[in-house]
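Written out below as structure tokens is the structure these notes cover.
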Amino acid sequence: MAPGTRSDVFDVRDYDLAATLTSGQAFRWRWDGAAWIGIVAGKWVGLRQTPTGIAATIAAGESSPQWLMDYLQVRVNLDQVVATFPDDEPMRRAVAACRGLRLLQQDPWECLASFILSSTKQIVQIRQIVTLLCERFGDEIAAPQGHPRAFSFPDPERLAGANETELRACKMGFRAPYLLEAARRVADARLDLEKLQTLASDQLQVLTSRTGGRRSAASLTEAPVDEARAMLMQLPGVGRKIADCVLLFAYGFQSAFPIDVWVENALQTLYFPKRRASRKRLRHFSETHFGPNAGFAQQYLFHYMRTVFGRETGKG
DNA sequence: AACCAGGACACAA
DNA sequence: TTGTGTCATGGT
């Protein structure tokens, strides 16, 4: 173990670290030959798979890394989640191919900003843009000896003070004004990311109680997830897909079902192979077919299409 | 070397 | 409602 670090082991089964960290939900993890290196909650983190779970290396002096366990969602029982998936051939194949694939719970601002930068970009390019952004606008973080310099994800206040030209220099192109405006609105509280957190809690209340929790009369007709999505979509450059990514990957709304080109292709070819289904039909299908953990199922379809299906059919 | 990428948006029809 | 062009950039 490198000096100045401490090590923790999380006992968890059915956790495929590599698949989870490279499945297009987070964009800062890299494999250095011995471990997965990333930044969580502004702290340097090294992760590697062990026979009984996950070994984590963090800076010495950190308290018990509950923040890391929350991020990794190690207490989620994957068997219970998968058991709620529909019992059909496509889902069985996806689950068999991606066993151990998990959902993370990311920082909302980093997740929102990253997915604003994701539109019409390949994952490798998103990673490149985010890396540049962090190097130029983030704060340097203490990394263990022998490791490359590490940088935090720049907070909204920092980016709100940047200009569009500086942002475009990070190769984000037409997404620069979108990111800038998002940063400004979060920085001056026109968009309250904490409020979305309370809506996520409200959504859990709705699902676990019959009374609808503590929803106010004014929002009785609208589910918390819909209210949260509408708030995100107020941002320029944030449509249904990006909003759903943030709802699912940062706030844990399990009904959020991002439909990008891959997932649309998955739904179309796996579930409607005969004739072409309309977007509206696919959207309705996604909302009715995949159960209470639809977003989780979506991640299996996405990763399955990207990693396995193309090779199976030979036309990837 | 065309084609496409975890899209959004304005504008047709 | 669904289709088309535009936006910027780099990988395959």
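Letters go in sequence order (proteins before strands), and every chain restarts at 1.
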Note: with side-chain heavy atoms under 4.5 Å as the link, the other cluster members for A/Val9 come out as none

Closest-nucleotide 5' rank along DNA chain B - winner of A/Asp260 and A/Met233 = A/Asp260

Residues from residues 234-252 of chain A lying under 4.0 Å of DNA chain C - heavy atoms | none

Could you state the CG-P distance from A/Leu132 to C/dT9, rounded to the nearest angstrom?
-> 13 Å

Using modelled atom types only, decide if a donor and an acceptor are shared between the side chain of A/Tyr15 and the backbone of A/Leu72 within a distance under 3.5 Å.
-> yes

Do A/Ser23 and A/Gln299 have side-chain atoms, one donor and one acceptor, less than 3.5 Å apart?
-> yes

Should we say atom CD of A/Gln145 is surrounded by more than 12 heavy atoms from elsewhere, each under 6.0 Å from it?
-> no

Expressed in angstrom and rounded to an integer, what is the separation of A/Glu264 atom CD from C/dT2 atom P?
-> 11 Å

Report all side-chain donor-acceptor pairs from residues 74-81 of chain A shorter than 3.5 Å, counting only partners two or more places apart or in another chain.
unit_1: A/Asn77; atom_1: OD1; unit_2: A/Asp79; atom_2: N; d: 3.0
unit_1: A/Asn77; atom_1: OD1; unit_2: A/Gln80; atom_2: N; d: 3.2
unit_1: A/Asp79; atom_1: OD2; unit_2: A/Arg13; atom_2: NH2; d: 3.1

Is the closest basic N to carboxylate O distance between A/Arg279 and A/Glu264 below 4.0 Å?
-> yes

Check residues 236-253 of chain A and write down every donor-acceptor pair under 3.5 Å in which the side-chain atom is one partner and the other belongs to a residue at least two apart or another chain.
unit_1: A/Arg240; atom_1: NE; unit_2: A/Asp244; atom_2: OD2; d: 2.8
unit_1: A/Asp244; atom_1: OD1; unit_2: A/Arg229; atom_2: NE; d: 2.8
unit_1: A/Asp244; atom_1: OD1; unit_2: A/Arg229; atom_2: NH2; d: 3.1
unit_1: A/Tyr251; atom_1: OH; unit_2: A/Leu193; atom_2: O; d: 2.9

Just call it for A/Ser114: base, sugar-phosphate, or nothing, with non-hydrogen atoms closer than 4.0 Å on any strand.
-> nothing

Between A/Phe115 and A/Phe27, is the gap from one ring center to the other below 6.0 Å?
-> yes

Could you go over nucleotides 10-12 of chain C and give all protein N or O partners under 3.5 Å, atom names and distances?
unit_1: C/dG10; atom_1: N3; unit_2: A/Gln125; atom_2: NE2; d: 3.0
unit_1: C/dG11; atom_1: O4'; unit_2: A/Gln122; atom_2: NE2; d: 3.2
unit_1: C/dG11; atom_1: O4'; unit_2: A/Gln125; atom_2: NE2; d: 3.4

Give A/Ser118 one of three labels, base, sugar-phosphate or nothing, depending on what nucleic acid heavy atoms sit under 4.0 Å from its own.
-> sugar-phosphate

Considering only heavy atoms of chain A and a distance under 4.0 Å, specify the first and last nucleotide of DNA chain B in 5' to 3' order that meet this criterion.
-> B/dA5 to B/dC9

Connected hydrophobic set around A/Leu132, excluding itself, where side chains approach under 4.5 Å = none

When rounded to the nearest Å, what value does the distance between C1' atoms of C/dG11 and B/dA1 take?
-> 13 Å

Output every pair passing side-chain hydrogen bond (donor to acceptor under 3.5 Å, both in side chains) with a member in residues 122-131 of chain A, not counting sequence neighbours, ordered by first then second residue.
-> A/Lys121-A/Gln125

Those residues of residues 273-284 of chain A lying under 4.0 Å from DNA chain B by at least one heavy atom | none

When you compare B/dC3 with C/dA8, how far apart are their C1' atoms, in angstrom units rounded to a whole number?
-> 15 Å

List in chain and number order the residues that pass salt bridge (Lys or Arg N to Asp or Glu O under 4.0 Å) with A/Asp188, two or more places apart in sequence or in another chain; answer none if no residue qualifies.
-> A/Arg190

Apply side chain to side chain contact (heavy atoms under 4.5 Å, CB included) to A/Glu110 and list each qualifying residue two or more places apart in sequence or on a separate chain.
-> A/Arg28, A/Asp107, A/Ser114, A/Phe153

If you look only at pairs with a residue in residues 43-53 of chain A, which of them pass as a side-chain hydrogen bond (donor to acceptor under 3.5 Å, both in side chains), with sequence neighbours excluded?
-> none

Provide the distance between the two P atoms, one in C/dT4 and one in B/dC4, to the nearest whole Å.
-> 14 Å

